[in-house]
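For reference, the structure discussed in these notes is given below.
Source: prediction; values computed, not measured.
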Amino acid sequence: MKGKKIVIGVTGGIAAYKAAELVRLLVKAGAHVRVAMTLNATRFVSPLTFETLSGSKVIWSMFDREGTSVDHITWGQDDVDLIIIAPATGNIIAKMCHGIGDDFLSTMIMAATAPVLICPSMNSQMYINPAVQGNIRLLRERGVLVMEPGKGELACHTEGPGRLPEPEDIVEYASMVISEHDLSGRSILVTAGPTLEPIDPVRYITNRSTGKMGYALARAAKKRGASVTLVSGPVGLKSPLGVEECQVKTAEEMMKTVMEKSSSCDIIIKAAAVSDYRPSEVAPDKIKKGSDTLTLELVRNPDILAELGRRKKEHPCILVGFAAETKDLLANAREKLKSKNLDMIVLNDVSRSDAGFETDTNIVRMIFSDGRVEDSLLMTKDEVADLILDRVKTIWEANFDSGS
């Protein structure tokens, strides 16, 4: 979102207060944000709130304001990347559908050349009203982007569809709209998170993986236009928008799901931290405390990455693995790259406090099958995800787009 020009249109619904958080998140992401309001919207949230958050003037009237006489023209053009109407009431949706421009916001939208995204928010009965649904269908036919509203308890204390999508989801959707879709047409499978290997109904063996890197990869791939399947162990993360997510627990479950999904994929990125071993037997009841020691017999789990590497002859694809290491980092990663038949491996030094597990940042070393090594700077995991996908795209183009 860095450097993108975004106009937020705020209309007179109770969810207008959430638009303040939307502006804050967009500014935090590096976007240049301007806000246009309807007069009714100013009854819910002061324009001063949006001016403070955006750092730019807010317009809510065609006449009682400072500025030029053609702001309603330039705001929707002037190299704007996206216009977001949030909340979008039934009234503004109807105005957009029927070409009514009776205030600054509706006139600006009528003159806009930038893409428009509306986020409907209203009472459930209003939302499902045939007139509103017909207007939304017509806007979609005309190329207007529409986010589905959330479901749940509304401000009017009823239950149903009509909740404004969460600001984080609107930002993620907007990012997908305005990003370059350089992975369009590619099918990508990503694995993420840990696996849990049960000891008894209460206890299990696992590791410190939070799934943040894998989820960042899935989110970035979807943003860049790919069709994405995410196979994830148990994590506390929100599913990326537009991604097919398959939840698993054990390594064997992950193996089964990955093999079912992998045959139709162009690119597979194995970012999950799969348990190498599992208890040979799972106790049917909780193991009670007894002697001072307890011995568990462990057996090897299936090697998902190695099996994918073996299948590349039958199902050609780009295969990327991860190596979480604490010593002999490069040597161990190179051995894994070769033995698993990978195109690329991403090396993490998980002994660092600012990278690897349980952090929002990462610093990686990417090792390629031709022997090249590339080190990254310390970045957010979202930034690392885009860097990895840049390199994956280059490998794809060299091996497949060239016809070799």
Side-chain angles (χ1 to χ4, degrees), residues 1-2 4 6-31 33 35-37 41 44-45 49-50 52-54 81-90 92-93 115-124 126-128 132 136 139-140 144-179 192 210-212 214-223 228 230 232 235-245 247 360 380-382 385:
M1 303 294 282
K2 288 183 180 178
K4 298 297 184 181
I6 298 176
V7 174
I8 303 296
V10 184
T11 65
I14 185 62
Y17 77 94
K18 289 187 177 181
E21 176 66 2
L22 173 60
V23 171
R24 188 190 73 82
L25 291 174
L26 288 168
V27 171
K28 182 180 179 182
V33 181
V35 179
M37 304 177 71
F44 291 93
V45 182
T49 299
F50 292 111
T52 303
L53 291 170
S54 68
D81 294 289
L82 183 65
I83 298 170
I84 305 173
I85 312 300
T89 60
I92 193 67
I93 290 170
V116 178
L117 166 64
I118 66 170
C119 304
S121 175
M122 63 198 80
N123 169 270
S124 297
M126 295 171 68
Y127 178 70
I128 65 175
V132 174
I136 290 174
L139 289 178
R140 280 192 166 120
V144 174
L145 301 165
V146 183
M147 277 194 79
E148 291 294 328
K151 296 180 180 179
E153 184 178 358
L154 306 176
C156 54
H157 307 297
T158 61
E159 295 273 346
R163 290 171 59 94
L164 182 72
E166 291 304 312
E168 295 87 352
D169 292 339
I170 298 175
V171 172
E172 188 172 343
Y173 191 100
S175 180
M176 288 191 292
V177 171
I178 63 182
S179 295
T210 60
K212 290 180 178 180
Y215 274 63
L217 282 161
R219 188 165 50 247
K222 182 62 182 177
K223 178 186 71 175
V228 182
L230 174 64
S232 175
V235 296
L237 301 175
K238 193 172 185 178
S239 300
L241 285 180
V243 167
E244 178 191 0
E245 185 170 8
Q247 294 284 348
D360 293 321
T380 67
K381 287 187 172 177
D382 286 329

Quick one: pull up [atom1] in [X] and [atom2] in [Y] and give me the separation to the nearest 0.5 Å.
X	Y	atom1	atom2	answer
D382	K212	CG	NZ	11.0 Å
M176	L145	CE	CG	10.5 Å
I8	L117	CD1	CG	8.5 Å
I84	I170	CD1	CD1	7.0 Å
I178	I6	CD1	CD1	4.5 Å
D169	L164	CG	CG	10.0 Å

Does this structure show an ion pair linking E148 with R140, if we count only N-O contacts that are shorter than 4.0 Å? yes

Salt bridge check, E166 against K18: does any charged N sit closer than 4.0 Å to a carboxylate O? yes

Using a 4.5 Å cut-off on heavy atoms from C-beta on, say whether the side chain of [Y] contacts that of [X].
X	Y	value
Q247	S232	yes
I136	Y127	yes
V171	L22	yes
L26	M1	yes
P120	I93	yes
V10	P87	yes
R219	V243	no
F44	M37	no

Would you name the heavy atoms of [X] and [Y] that are closest together and state the gap between them?
X	Y	value
M122	G90	CE-N, 3.5 Å
G211	A192	O-CB, 4.1 Å
V23	F50	CG2-CD2, 3.9 Å
A15	S121	CB-OG, 3.4 Å
A174	L82	CB-CD2, 3.6 Å
K223	S175	CD-OG, 3.0 Å

Could you check L217, L241, L230, V228 and say which one makes a side chain to side chain contact (heavy atoms under 4.5 Å, CB included) with K222? V228

Ignoring hydrogens and geometry, is there a side-chain-to-backbone donor-acceptor pair from S124 to P161 under 3.5 Å? yes

